[in-house]
Amino acid sequence: MYSHILTATFAVLCVLPVLGCSPGNKSGEVEVSGTATIDGEPIPAGSISFVATDKSAPTGGGVIKDGQFTGFTMPGTKKVLVVGSKVVGKEKLYDTPDSPTRDKLESIVPPKYQSIQTTPLEVTIEGAQQDLLIEVSRK
């Protein structure tokens, strides 16, 4: 009997963190989606993060693909961090003649957009939003 209780308790403890961390599942989070561009062109791949300016809420965010993103965050004023890259070729995984290859990526977003201290981007999220435009510049 004791082993059944221990097994059940262990199973519950393993499942709870997974349930609590699924996107959009946290109480109060809203979905935000939109377009991320660099110099007017869609960012091919990357990520976007929304960091509370008053540090009152956890960081939210999502993935950028072909200039489009969808993510989750708590409402409030946010600093926006953007990481973006593009494919510039292929590279071998191993130094052997028959090595498989992967895409070779190059960062295209300047470092200032990747730090809370230097990003000039700021938005106010009041609720779910579907048309957020995030524009970065190489300058």
Side-chain angles (χ1 to χ4, degrees):
M1 169 117 173
Y2 180 73
S3 66
H4 293 297
I5 294 171
L6 190 57
T7 302
T9 302
F10 180 74
V12 169
L13 290 175
C14 288
V15 171
L16 283 178
V18 174
L19 293 176
C21 294
S22 58
N25 218 15
K26 295 177 187 164
S27 178
E29 275 191 335
V30 295
E31 183 177 69
V32 291
S33 61
T35 303
T37 64
I38 183 161
D39 297 330
E41 297 294 320
I43 294 174
S47 64
I48 188 164
S49 299
F50 301 98
V51 182
T53 56
D54 62 2
K55 300 180 177 127
S56 65
T59 299
V63 174
I64 300 169
K65 183 170 171 35
D66 299 325
Q68 301 299 305
F69 67 87
T70 298
F72 295 89
T73 191
M74 300 295 283
T77 302
K78 310 289 181 179
K79 287 286 195 170
V80 181
L81 307 181
V82 180
V83 175
S85 60
K86 69 177 180 178
V87 176
V88 294
K90 294 282 188 183
E91 63 185 353
K92 288 184 172 186
L93 292 175
Y94 312 106
D95 192 19
T96 61
D98 60 343
S99 171
T101 61
R102 66 176 170 205
D103 289 338
K104 182 176 182 177
L105 301 175
E106 178 181 281
S107 177
I108 60 171
V109 175
K112 74 177 181 180
Y113 295 104
Q114 300 170 26
S115 168
I116 188 72
Q117 290 82 17
T118 58
T119 183
L121 303 174
E122 189 172 291
V123 296
T124 299
I125 306 293
E126 295 177 354
Q129 195 167 345
Q130 298 174 355
D131 58 355
L132 193 59
L133 177 59
I134 302 298
E135 299 176 287
V136 300
S137 172
R138 287 186 177 91
K139 295 178 186 179

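We count residues from 1, following the sequence as given.
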Could you walk me through whether Arg102 and Leu93 pass side-chain contact (heavy atoms from CB on, under 4.5 Å), step by step?
CA-CA 7 Å; Arg102 66 176 170 205; Leu93 292 175; 3.5 Å; yes
Stepwise side-chain contact (heavy atoms from CB on, under 4.5 Å) test for Lys78 and Thr53:
CA-CA 5 Å; Lys78 310 289 181 179; Thr53 56; 5.7 Å; no
Start with the C-alpha gap between Leu105 and Val88, add the side-chain angles, then the distance that decides, and say whether side-chain contact (heavy atoms from CB on, under 4.5 Å) holds.
CA-CA 6 Å; Leu105 301 175; Val88 294; over 6 Å; no
Please test Glu29 against Thr73 for side-chain contact (heavy atoms from CB on, under 4.5 Å), starting from the C-alpha separation and ending with a verdict.
CA-CA 5 Å; Glu29 275 191 335; Thr73 191; 6.0 Å; no
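By the neighbour-count criterion of 12 heavy atoms within 6.0 Å, atom NZ of Lys65 is sparsely surrounded, having that number or fewer from other residues, nucleotides or ligands.
Shown here for Lys86 and Pro44, the closest heavy-atom pair between the two residues is CB-CG, 3.9 Å. Across all their heavy atoms, Pro42 and Gly67 have their closest contact at CB-CA, 3.7 Å.
One finds the CD atom of Glu31 at 7.0 Å from the CD atom of Gln130 (value rounded to the nearest 0.5 Å).
Grouping Ile, Leu, Val, Met, Phe, Trp and Tyr by side-chain contacts under 4.5 Å, direct or through others, puts Ile116 with Val51, Leu81. Here Phe50 sits in one hydrophobic cluster together with Val30, Val32, Ile38, Ile43, Ile48, Ile64, Phe69, Val80, Val82, Ile108, Val109, Tyr113, Leu121, Val123, Ile125, Leu132, Ile134, Val136; the rule is ILVMFWY side chains under 4.5 Å apart, joined directly or through other members.
Side-chain contact of Gln68 with Thr35: a donor-acceptor pair under 3.5 Å is present, judged by distance alone.
Remark: the backbone N or O of Tyr94 is paired with a side-chain donor or acceptor of Ser99 at under 3.5 angstrom.
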